Amino acid sequence: MTKLWGGRFQKKTNQLMEDFHSSLLFDQKLYKYDILGSIAHARMLGQKKIISPAEAEKIVKGLEELMTELEAGHIELPKDAEDIHSCLEELLTAKVGPVGKMLHTARSRNDQVALDLRMYLKEEIKEVKRLLNELIRTLLEIAEKHLDTVMPGYTHLQRAQPVTLAHHLLAYVQMFERDRSRLEDCYRRTDVMPLGAGALAGTTFPVEPKIVAAELGFSALAKNSLDAVSDRDFVVEFAATAALIMVHLSRFCEEIVLWSTAEFAFIELDDAFTTGSSMMPQKKNPDAAELIRGKTGRVFGSLISLLTMLKGLPLAYNKDLQEDKEALFDVVDTLKKSLLVFCPMLATMEIKKENLALAARGGFTNATDLADYLVQKGIPFREAHQLVSKIVYDCLKLNKTLEDLSLEEYKKYSSLIDEDVYAAINIQHCVAVRQVLGGPSPASVLEVIQRIKEK
Ligand code: ARG
């Protein structure tokens with residue numbers, strides 16, 4: 001392929017160098033955006049009489065044909081092209097003749113690639129948002145069915161106080177809601193049209209970026225040409241948001257892995273989202289959850305690559321910036337695949353309500369409630385805490401739960417304890433009385449679910 005910049009050179013590019021700097025292998029992903037961007041640019045050039053309307057028309061027609069042929073898989077991209085931008089320009093010129101060489105008037109690959117990447121990411125952000133919404137919907141659906149499904153809440157992975165499965169799931173809904181709002185923020189800053197910046201210093205031609213922005217559906221224009229071609233903050237922001245989504249998925253996956261052990265036995269994953277062992281016939285492994293947990297690391301890696309790539313760059317464009325693409329594409333693909341698998345894995349898992357309840361009843365998750373009961377009878381909390389610690393200690397030796405103790409036994413600890421203690425330490429009751437906004441009572445949880453649904 002002939003080079004867009006060959007004129008100044010006497011020698012051929014070294015083959016190793018050729019392979020090293022070519023980005024076609026990965027940036028061909030951007031072909032659709034590159035063509036759409038070029039169509040908008042050509043139309044604007046025609047409208048502003050920078051090229052004649054007839055020339056613009058020919059270019060646009062050629063680009064549209066190219067799009068159809070590429071989408072149908074009728075043409076192959078020349079493998080020796082430097083990048084998708086030079087490659088498409090060459091294909092266009094081969095198709096429409098010398099007029100194709102006018103397309104690059106008032107444009108550089110530097111503003112062109114920034115445009116393509118922003119168009120690509122805008123679409124992907126919308127898709128990730130759609131997947132997040134689907135996940136939130138799935139979580140709400142499960143939660144609605146488990147408003148009364150008690151389970152232990154944990155601190156330090158030690159049983160702490162009773163909550164419900166709905167409450168537990170809604171914790172993740174909150175995380176994913178924040179992620180959604182981060183995506184919206186990131187979208188706003190991605191939605192900025194950089195064309196007109198040229199290589200770095202704008203252009204002498206009377207271009208009108210707002211025409212291009214309107215055609216491509218951008219809501220803002222870049223305000224500084226140097227920044228327009230060298231800004232990749234939006235890529236970093238997206239990768240950071242993706243990293244957090246992965247963190248949230250990964251924490252959830254860790255719980256799913258734990259919950260599906262025989263030791264917890266809170267859930268059983270569907271066969272369709274697990275795998276077996278080639279040696280141990282009994283195995284059913286939670287691979288999907290483990291892989292999502294594992295893939296979180298590669299998203300962090302991409303985020304760090306992007307930040308590191310940017311930190312020493314002088315203005316404006318530097319070829320280092322080409323490294324943004326593989327990192328971003330991998331983040332997008334990893335995140336989307338993880339969300340795509342996670343959602344049905346969750347929707348199809350079997351929830352073992354009895355085991356959740358059993359775990360909530362063991363482990364003294366109602367010990368705080370017993371202390372609170374004593375406080376209501378007039379004992380200062382610190383003393384009540386001491387007394388209940390002693391009761392728990394004795395129960396552990398007797399292999400009993402708090403519910404197992406007779407009133408007679410309770411009276412030995414305090415004469416203030418009455419028959420009503422049993423209602424106070426009943427697990428369902430312990431959950432039901434925690435009615436603070438954001439608390440686990442079925443009424444509080446339902447209220448939150450309704451608020452989210454309204455949104
Ligand atoms: N492939 C390049 C990239 O991804 C396109 C811009 C090339 N610009 C340049 N001045 N060499 O960044």
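On a predicted model such as this, the values are computed, not experimentally measured, just so you know. Both counts, for ligands and for their atoms, begin at 1 and track the order of listing. The first residue in the sequence is number 1, and the count goes up from there.
Ranking protein heavy atoms by distance to atom 8 (N) of ligand 1, first place goes to N110 OD1, 2.9 Å. Of the protein's non-hydrogen atoms, Y317 OH, 2.4 Å is the one closest to atom 12 (O) of ligand 1. Shortest contact from atom 5 (C) of ligand 1 to any protein heavy atom: D83 OD2, 3.6 Å. Of all protein heavy atoms, the one lying nearest to atom 11 (N) of ligand 1 is R109 NH2, 3.7 Å. Of all protein heavy atoms, the one closest to atom 1 (N) of ligand 1 is Q322 OE1, 2.7 Å.
Salt bridge status for R130 with E134: present, with a side-chain N to carboxylate O gap under 4.0 Å. Electrostatic pairing of E268 and K284 counts as a salt bridge here, judged by a charged N lying under 4.0 Å from a carboxylate O. Between E55 and R43, no side-chain nitrogen of the basic residue sits less than 4.0 Å from a carboxylate oxygen of the acidic one, so the salt-bridge criterion is not met. The pair K126-E123 does not meet the salt-bridge criterion, since no charged nitrogen lies less than 4.0 angstrom from a carboxylate oxygen.
Contact record, M246 with K295: CE-C, 4.0 Å, taken as the closest heavy-atom pair. The shortest heavy-atom contact between K32 and M67 is O-CE, 3.6 Å.
Defined by atom type and a distance below 3.5 Å, a donor-acceptor pair is missing between the side-chain atoms of H21 and Q322.
Atoms of ligand 1 found under 4.0 Å from any heavy atom of S23, numbered from 1 in the order shown, are 1 (N). Using a 4.0 Å cut-off to heavy atoms of H85, the atoms of ligand 1 that qualify are 5 (C). Of all atoms in ligand 1, numbered sequentially from 1 with element shown, those under 4.0 Å from a heavy atom of K325 are 3 (C), 4 (O), 12 (O). Residue V113 approaches ligand 1 through these ligand atoms, each under 4.0 Å from one of its heavy atoms: 4 (O).
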